[in-house]
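The structure under discussion appears below in the form of structure tokens.
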Amino acid sequence: MRYLTTAEVAERYRTAESTVRYWRHLQKGPRGIKVGKRVLYPEAELQRYERALIDDGENWGLAS
């Protein structure tokens, strides 16, 4: 299983690292796991999150 850093997740979603951290704070973004001081995101979790956005996109104002 591949794990992405906060920076890699931010790049994937074309946003700032601070935005990814904010999503995590709100418990609205992809779930990460804390390893020491780092937060890592399993790639499978990112895929789950993306599927949830597609299925329930109104919560995040996705373009149609």
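Quick caveat: nothing in here was measured; it's all calculated off a predicted structure. Side-chain atoms are counted along with the backbone in the values below, which use heavy atoms only and exclude waters and symmetry mates.
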Residues 13-20, side-chain donor-acceptor partners within the protein, below 3.5 Å, at least two apart:
residue	atom	partner	partner atom	Å
Y13	OH	E50	OE2	2.8
T15	OG1	T19	OG1	3.4

Spatial distance of atom CG (L53) from atom CZ (R48) [nearest 0.5 Å]: 8.5 Å

What donor-acceptor contacts under 3.5 angstrom involve side-chain atoms of residues 29-44, with partners at least two apart or in another chain?
residue	atom	partner	partner atom	Å
R31	NE	E45	OE2	3.4
R31	NH2	E45	OE1	3.3
Y41	OH	R24	NH1	2.7

Linking I/L/V/M/F/W/Y whenever their side-chain heavy atoms sit closer than 4.5 Å, directly or via other members, would V9 and Y3 fall into one cluster? no

